[in-house]
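We number each residue from 1, following the sequence as shown. Just so it is clear, the model here is predicted, and its values are computed rather than measured.
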Amino acid sequence: MHSGVAVSAPASASAIAGGGARSEAAAASRRPGGIRLCGLRGEALARGSLRISHAPAAARRVAAPRAAAAAPQNGAVAGGGFDYDLVIIGAGVGGHGAALHAVEEGLKTAIIEGDVVGGTCVNRGCVPSKALLAVSGRMRELHDEHHLKSMGLQVSSPGYDRQAVADHANNLASKIRSNLTNSMKAIGVDILTGFGTIVGKQKVRYGKVGFPDKEITAKNIIIATGSVPFVPKGIEIDGKTVFTSDHALKLESVPDWIAIVGSGYIGLEFSDVYTALGSEVTFVEALDQLMPGFDPEIAKLAQRVLINTRKIDYHTGVFASKITPAKDGKPVLIELIDAKTKEHRETLEVDAALIATGRAPFTNGLGLENINVVTQRGFIPVDERMQVTDADGNVVPNLFCIGDANGKLMLAHAASAQGISVIEQISGRDHILNHLSIPAACFTHPEISMVGLTEPQAREKADKEGFEVSVVKTSFKANTKALAENEGDGIAKLIYRPDTGEILGVHILGLHAADLIHEASNAMALGTRLQDIKLAVHAHPTLSEVLDELFKAAKVNSGVSHSVNEPVAA
């Protein structure tokens, strides 16, 4: 699913990493070696209960008075003698979403950014990668002679301009970055440039190298510093022949043969790009199967569609213990060892290597020691309301952390949702985000998307809590719109409770899967049960009918009442 600048993070934490970035998923929220990656549903599962109903609206209002009504401009005066009602350290997608919602609630708001607005997602992640994937999708269509002929089309000698492709990705990032900046300036958010450090309760210092630091106070502080690519020990990065996703998005070259270390979201998407542009790819995966973290049935089909049909081979159950960049006419050398025995397997010689082993939180230098907060594997500990907890397990008043830096769900839109949830609480309305209802997507061709639990996760939960799990599937081959597009490869899978009609998870591989998943994720967020949603009407012929058929195929026990349509949280 789930990215230029140097890989190493500055000594002081700042906004450069952004509030959230899609990181590749790992089977149990971490790979061998202890580095936690995306952990798509790990945090939600750890809390045990899938659904916790909200109290009625009147009961959910907390003691703090609601802020002033929504205003078109940033609050002119902060309350309580503070410089600001809210200071956000990090101007990525998470920080941006929080800032906009804060101003809507009448809060005087400032956001601190140490590099560029937009963070990882906009500058080194989701946004530029989608530009490259748009190109790879077009190239695949143009090169698929059988596919085109079946629709009566003829195309001769398709090709591409590498620099123009790279410019397309860079220009898109610049445009989105400008949009984010302008949207905050338009409503009066103060954008403060520098590296932010917490120096005490409700106090933040920020500044740039060579300039004096400034100190400000805030009634509430949100940490949204994001993440950076994780590079395992033994791997030497030169940014040219051995590089991370940050470098890869510049597309300075298209190697004939590239090894991709890690087969999660990041690795899969780049394999799609590189093979479409003519490269051969070798995956190096530490776990015993490719695509860890995906539902196993979806991963099996995805391997057949996205890997076996392309110029891709793979090694599983191995670590890249040492990678040496190409130099003096020699290729990139990758030493592989057995993940279990640590014995040497073989040495690969390739033209380039992309390190796609996930992302690490960017939390060094934040001054957490000043408030008795200790990170856990680099992540800032938070409770279900994103309130930071200290070394003694106590909530630190008026301090929150959202996005990749807390590690709950390393996705840009999750960071934004967490930020909005925090503003709701600051504004006097208790709110707990249901992380299991947050969708994720991998933008390969075809796409993969998911929300909720995988089938193994659901069955494990069912065994512990004593309920039954049912599974139904539908195929894109039975969908009129998919057949019209000659894109019948794909399935949708529903995991649910037949005794209640509760949706536990939905997984899709197929055309526009990343868009289709939201009907399921919204149903989960709103607490809609299958007995209700199967009565919904879908336009014909559309791809949405894949989900329509999926929901209709579910068998809910007779006598089960309809849902009340209350939002849920987990």
Side-chain angles (χ1 to χ4, degrees), residues 25 27-29 39-54 289 292-302 409 432 434-440 448-475 478 490-510 513 516-536 538 545-570:
S29 83
L40 276 179
R41 312 297 165 207
E43 180 66 31
L45 281 170
R47 289 200 294 273
S49 176
L50 179 64
R51 302 181 69 249
I52 303 175
S53 296
H54 273 291
Q289 71 283 329
F294 291 88
D295 182 87
E297 189 172 9
I298 296 294
K300 184 177 180 180
L301 178 60
L409 193 57
I432 299 174
N434 178 7
H435 284 80
L436 281 174
S437 71
I438 298 177
I448 309 171
S449 63
M450 72 280 314
V451 64
L453 306 176
T454 64
E455 184 176 345
Q457 288 171 338
R459 295 198 180 281
E460 180 182 359
K461 181 178 176 65
D463 289 342
K464 290 180 180 178
E465 300 182 15
F467 61 82
E468 183 184 351
V469 169
S470 292
V471 175
V472 292
K473 289 165 279 189
T474 54
S475 172
I491 64 169
K493 176 177 181 178
L494 167 67
I495 306 160
Y496 68 100
R497 288 183 58 163
D499 60 334
T500 63
E502 181 179 1
I503 301 171
L504 300 177
V506 173
H507 304 262
I508 309 172
L509 185 149
L516 294 175
I517 196 65
H518 293 91
E519 181 173 5
S521 66
N522 287 338
M524 292 177 68
L526 296 172
T528 306
R529 302 303 179 95
L530 288 167
Q531 54 268 37
D532 295 309
I533 199 171
K534 66 166 54 185
L535 300 177
H538 296 71
E545 291 175 292
V546 170
L547 284 176
D548 184 34
E549 293 299 323
L550 188 68
F551 297 141
K552 282 180 167 58
K555 304 297 181 184
V556 180
N557 296 348
S558 60
V560 177
S561 62
H562 290 251
S563 56
V564 185
N565 288 325
E566 279 194 7
V568 297

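- Taking both residues in full, the closest heavy atoms of Phe551 and Lys534 are given as O-CE, 3.4 Å, listed atom of the first, atom of the second, then distance.
- Between Ile491 and the choices Thr474, Ile298, Ile508, the side chain to side chain contact (heavy atoms under 4.5 Å, CB included) rule is met once, by Ile298.
- Considering every non-hydrogen atom in both Asp548 and Ala536, the closest pair reads OD1-O, 3.9 Å.
- A distance of 11.5 Å separates OG in Ser475 from CG in Leu550, rounded to the nearest 0.5 Å.
- Side chains of Arg529 and Glu502 form a contact here, defined as non-hydrogen atoms less than 4.5 Å apart.
- The distance from the CG atom of Leu547 to the NZ atom of Lys552 is 11.0 Å, given to the nearest 0.5 Å.
- Residues meeting the salt bridge (Lys or Arg N to Asp or Glu O under 4.0 Å) test with Glu545, sequence neighbours left out: none.
- A donor-acceptor contact shorter than 3.5 Å is absent between the side chain of Glu468 and the backbone of Ala462.
- Of all the heavy atoms in Ile495 and Ala458, the pair that sits closest is CG2-CB, 3.6 Å.
- The only option from Glu297, Glu455, Glu549 that meets the salt bridge (Lys or Arg N to Asp or Glu O under 4.0 Å) definition with Lys473 turns out to be Glu297.
- Under a 4.0 Å N-O distance rule, the pair Asp463/Arg459 does not qualify as a salt bridge.
- Among residues two or more places apart in sequence or in another chain, the salt bridge (Lys or Arg N to Asp or Glu O under 4.0 Å) test is passed with Glu460 by Lys464.
- Using a 4.5 Å heavy-atom cutoff, the side chains of Pro498 and Lys555 are not in contact.
- The CD atom of Glu519 sits 8.5 Å away from atom CD1 of Ile503, with the distance rounded to the nearest 0.5 Å.
- Shown here for Asp499 and Phe467, the closest heavy-atom pair between the two residues is OD2-CB, 4.2 Å.
- Heavy-atom minimum distance, His507 versus Asp295: ND1-CB, 3.7 Å.
- Between Ser449 and Ile517, the shortest heavy-atom contact is OG-CB, 3.4 Å.
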